There are 2 protein chains.
Amino acid sequence: MVATIKDVAKRAGLSQATVSRALNKSGYVSQETLARVEQAAAELGYQPNWMARGLHGKSSNLIGLLVPEVMSLYDNSVIQYMTEKLHAHNYGLMLCIHNERADLDLKYLQLLHEKRVAGIIYTHPLNGDNSELVHQLAEHLPIIELNRRREAGLLDAVLADNIQGARQITRYLLGLGHRRIALIMGEDELTTGQNRLHGYQLALTEAGLPADRRLIRIGSFSRQHGEAAMHDLLDEDVAPTAILAGSNRILMGVLKTLTARNIHIPVDLSVAAFNDTEWLQIWNPPITTVDIAVEEMAHWAVDLLLKRISVPDVKPTPREYLLGTSLIIRESCRAV
Amino acid sequence: MVATIKDVAKRAGLSQATVSRALNKSGYVSQETLARVEQAAAELGYQPNWMARGLHGKSSNLIGLLVPEVMSLYDNSVIQYMTEKLHAHNYGLMLCIHNERADLDLKYLQLLHEKRVAGIIYTHPLNGDNSELVHQLAEHLPIIELNRRREAGLLDAVLADNIQGARQITRYLLGLGHRRIALIMGEDELTTGQNRLHGYQLALTEAGLPADRRLIRIGSFSRQHGEAAMHDLLDEDVAPTAILAGSNRILMGVLKTLTARNIHIPVDLSVAAFNDTEWLQIWNPPITTVDIAVEEMAHWAVDLLLKRISVPDVKPTPREYLLGTSLIIRESCRAV
DNA sequence: CAAAATTATGGAAACATTTTCATAGAGTCC
DNA sequence: GGACTCTATGAAAATGTTTCCATAATTTTG
């Protein structure tokens with residue numbers, strides 16, 4: 001049988017209340033009493049029961065992380081960082097993966113609510129929209145939007161500066177002499193896609209180039225879309241000289257098509273991507289990409305969430321962190 | 001304010017007890033009452049409070065998943081499946097990532113213990129060994145070894161049949177006419193590496209071939225080892241005609257080296273791997289590999305754990321599930 | 001030196017459930 | 001037709017904490 005606070009109290013010859021205060025360093029407790037409590041607790045190997053603890057304040061010591069998948073952006077480093085940081089603050093991390101599906105997302109939102117998590121770090125699914133529920137929940141508990149957003153200024157958010165990133169890499173390609181740069185992008189409803197498109201167009205405009213409709217392929221952030229769009233682009237009268245793949249998944253499709261058509265990077269075509277993965281370094285040739293510091297993203301998200309939890313504010317002014325992007329130049333783009 | 005069972009009871013004109021029974025489908029409840037309860041619950045948007053629920057039985061409704069990383073084997077599908085299944089049984093999943101480090105692993109083991117998790121699904125870290133603590137913990141709560149094991153027969157385990165898998169793919173290469181098949185493998189302390197080596201040797205022996213020491217490169221499951229070992233093998237007097245990369249990380253290193261040396265797969269060299277990832281399909285040429293059904297692995301692990309939790313047995317006979325492997329033939333190996 | 005503030009502790013309520021016990025009507029058995 | 005069993009429900013206990021309220025002792029303030 002595991003020791004409860006009652007057992008500690010009995011052993012120390014004190015009341016539960018005092019033991020609780022001593023252990024939590026809340027109210028007044030004398031030095032001597034504190035020592036007695038600590039010794040008794042140690043002797044009994046007492047560990048507070050997490051559930052009973054959470055029962056009172058009505059939030060558990062859990063925070064929910066609801067994301068589309070555990071790869072690319074949400075890979076080891078992000079999740080690892082979050083786990084570690086949260087554990088250090090005595091929070092557990094409850095991971096849910098909605099797999100871009102709104103129905104699963106909904107289920108998990110409810111679940112996290114039921115589990116009375118203290119807060120949620122949330123990435124919208126691509127297919128479907130539960131933001132109504134999200135905003136509703138946000139009235140009771142802090143929610144941080146991570147990496148994606150549907151509407152600006154409503155919730156706290158930690159985002160990549162996608163406008164800047166897209167502009168940066170498009171400029172780079174323009175600098176190499178490319179004039180027909182195609183953009184294969186995913187869903188348009190989210191700021192991610194919108195902003196990347198925006199940054200791309202911005203760079204073109206700055207260079208005095210018109211945005212050619214046929215070079216912009218908006219579909220989904222999927223391998224299928226990347227594959228099909230790439231085929232399509234190659235079948236155009238005037239094929240592009242550079243491709244900007246809007247995500248890792250899209251990139252996979254692009255690469256698949258190029259292999260199938262026996263088109264070589266970068267001699268026949270330059271390719272650049274968004275976000276970095278180890279496989280992009282391994283690829284022959286290594287792929288140039290725009291990346292963000294994911295650890296930093298994780299850091300801000302957790303930090304902000306913990307702050308919101310510790311200083312409850314009924315209607316806080318939404319904060320927004322915009323993460324700078326960095327261009328990782330490899331060998332997949334050549335000058336023309 | 002969130003609705004409690006009390007509110008539901010009041011609205012339905014019943015007692016808390018009846019509502020509880022109705023919602024949990026435990027004791028006797030009439031059809032009519034059940035309907036009333038469900039309607040009231042729906043109207044109030046009632047969600048049971050998880051912690052009050054867990055307070056009763058002495059274990060939290062959490063189970064711990066302690067794994068090295070969230071990629072390759074432990075990717076979306078595995079974690080997604082586990083989350084879903086566990087949630088369906090009213091358990092939460094607490095994810096911890098030890099990143100192959102024994103010190104982190106230790107920390108998380110203690111943490112999971114403190115949090116009174118009802119059980120742990122556990123994958124040993126490669127660097128270092130906490131199995132003593134693991135066995136100690138296993139006396140109090142069910143622990144399932146996942147995918148890796150240090151010693152047979154002590155704990156419940158869900159493992160891939162690595163002997164069979166390695167044998168299968170080695171046979172395949174032998175069938176293509178290869179006689180000099182190199183194996184680049186990781187740590188030897190875990191059954192994973194041991195068994196894959198064993199299966200490899202088994203297939204060679206069956207074919208009446210001697211196991212050439214110089215073709216076996218045991219190091220770590222890392223990209224670095226793959227890279228170095230591949231270089232080394234190519235510098236041998238008689239270079240191998242086929243490479244068996246012991247993990248995805250090792251494979252990355254192998255591919256990197258081959259690119260650097262301008263060696264083409266499969267014309268110059270055949271390459272096969274263990275475990276499947278989307279990038280293996282994308283690679284040019286797509287890489288042949290031995291894979292296991294990860295969903296099945298997740299399924300057995302969760303199933304077994306839930307069984308152990310529901311039927312507590314002080315000293316259960318350890319169960320072992322061995323998952324069959326399947327050979328996924330792509331285009332990275334050619335007949336010689 | 002009296003009043004007020006601070007320090008220290010215990011008793012009991014509160015948290016939201018589940019579970020046990022009690023009660024009682026309705027069938028069923030012999 | 002009495003003894004049982006089955007069905008259905010409610011009251012209350014139990015779970016392990018934290019927090020609120022009360023009570024004193026001690027210290028500070030005016």
Side-chain angles (χ1 to χ4, degrees), chain A residues 1-38 40-41 44-62 90 92 113-118 140-141 310 312, chain B residues 1-38 40-41 44-62 89-92 114-118 310:
Chain A
M1 198 62 258
V2 227
T4 75
I5 201 173
K6 224 173 196 162
D7 303 321
V8 179
K10 199 181 292 172
R11 186 170 194 112
L14 293 161
S15 73
Q16 295 178 39
T18 306
V19 173
S20 174
R21 277 186 295 251
L23 259 24
N24 294 312
K25 315 230 179 295
S26 42
Y28 295 112
V29 174
S30 71
Q31 281 303 315
E32 190 228 355
T33 306
L34 177 61
R36 259 207 347 252
V37 169
E38 279 175 344
L44 290 170
Y46 169 72
Q47 294 288 1
N49 181 318
W50 195 52
M51 312 252 105
R53 189 174 244 180
L55 190 51
H56 217 262
K58 52 202 165 307
S59 96
S60 66
N61 298 358
L62 273 179
N90 252 304
H113 177 46
E114 175 193 344
K115 295 274 189 278
R116 297 290 193 278
V117 292
H140 298 295
L141 81 171
S310 65
Chain B
M1 204 60 264
V2 229
T4 75
I5 201 172
K6 223 172 195 164
D7 303 321
V8 178
K10 200 180 293 173
R11 184 168 197 115
L14 293 161
S15 71
Q16 295 178 38
T18 307
V19 174
S20 174
R21 277 186 295 252
L23 259 24
N24 294 311
K25 315 234 180 292
S26 42
Y28 294 115
V29 174
S30 71
Q31 280 302 314
E32 190 227 355
T33 306
L34 177 61
R36 248 187 23 231
V37 168
E38 279 175 344
L44 292 170
Y46 169 71
Q47 295 286 4
N49 181 317
W50 191 52
M51 280 175 281
R53 200 171 234 181
L55 192 50
H56 235 264
K58 60 196 167 308
S59 91
S60 71
N61 294 357
L62 273 179
H89 283 75
N90 257 305
Y91 283 91
E114 281 174 18
K115 289 273 189 282
R116 298 277 200 285
V117 292
S310 65

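Numbers restart at 1 for each chain; the letters A, B, ... are given by sequence-line order, proteins then strands. Only a predicted model underlies this, so the values are computations on that prediction, with no experimental measurement involved.
The B/Arg53 side chain lies nearest to C/dT18 when the options are C/dA16, C/dT18, C/dT9. When distances run from any side-chain atom of B/Thr18 to the nucleotides D/dT9, D/dT17, C/dT17, the shortest one goes to D/dT9. Distance from the side chain of A/Ala52 is smallest to D/dG16 among D/dG16, C/dT18, C/dT9. The nucleotide whose nearest atom lies closest to any side-chain atom of B/Ala17 is, among D/dT19, C/dT18, D/dG10, D/dG10. In the set D/dT15, C/dT17, D/dT17, D/dT15 carries the atom at the smallest distance from any side-chain atom of B/Leu55.
Between B/Val8 and B/Val37, the closest heavy-atom pair is CG1-O, 4.1 Å. For the pair B/Ala3 and B/Tyr46, the tightest heavy-atom approach, listed with the atom from each and the gap, is O-CD1, 3.4 Å. When all heavy atoms of A/Met51 and B/Gly54 are compared, the closest pair comes out as SD-CA, 3.7 Å.
Within residues 21-38 of chain A, the residues approaching DNA chain D are A/Arg21, A/Asn24, by heavy-atom distance under 4.0 Å.
With a 4.5 Å cut-off on side-chain heavy atoms, B/Asn49 and B/Thr4 do not count as touching.
Screening residues 18-37 of chain A for salt bridge (Lys or Arg N to Asp or Glu O under 4.0 Å), with sequence neighbours left out, gives A/Lys25-A/Glu38, A/Glu32-A/Arg36.
An OP1 or OP2 oxygen of C/dT9 is reached within less than 4.0 angstrom by no side-chain nitrogen or oxygen of A/Ser15.
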